[in-house]
Amino acid sequence: MTDDDTAARIEFLNWQDAQLETIFTQIETAYPTLLLRIDDIIDTAHAIRLLATLGTLETAISTATDIWTDEQVKLALAHTEGALDELRAQFALDVALDP
């Protein structure tokens, strides 16, 4: 492995770490909204009817979790696709076909 290969590998790993950090931060930032939504679902259930509505409550929480997860995956995918497009553009400019 040449010095250029090692440098390129390190640059890619740094880029990859930055992307993962961005996605992690996105999920970490959005997670409290999921917890608030679950709290809202539980708060709207009347204490007396809680046992009777337990199945409905579980379904509502599951649905809220699924929606949140889908949103986070879509955001992470969009971010990753954009970052990859930028990376491709950067490499396209750096590669010279002439000797």
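Bear in mind the structure is a predicted one, so any value in this text is a computation, not a measurement.
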### Query
Side chains of Thr6 and Asp3: donor-acceptor distance under 3.5 Å anywhere?
no
Look up atom [atom1] in [X] and atom [atom2] in [Y], then write down how far apart they are to the nearest 0.5 Å.
{"X": "Leu34", "Y": "Ile27", "atom1": "CG", "atom2": "CD1", "answer": "11.5 Å"}
{"X": "Leu87", "Y": "Glu11", "atom1": "CG", "atom2": "CD", "answer": "8.0 Å"}
{"X": "Ile61", "Y": "Asp66", "atom1": "CD1", "atom2": "CG", "answer": "12.0 Å"}

For a quick test of your reading: what N or O donor-acceptor pairs under 3.5 Å do the side chains of residues 67-79 make, sequence neighbours left out?
residue : atom : partner : partner atom : Å
Trp68   : NE1  : Ala30   : O            : 3.0
Thr69   : OG1  : Thr65   : O            : 2.8
Gln72   : OE1  : Gln26   : NE2          : 2.9
His79   : NE2  : Gln19   : OE1          : 2.6

### Joint hydrophobic cluster, Ile38 plus Tyr31, side-chain heavy atoms closer than 4.5 Å
yes
### Message
Less than 4.5 Å apart, side chain to side chain, heavy atoms only: is that true for Arg37 and Thr33?
### Response
no
### Glu21 and Asp17, any side-chain heavy atoms less than 4.5 Å apart
no
### Summary
Looking only at heavy atoms, the pair that brings Ile41 and Ala64 closest together is CD1-CB, 3.8 Å
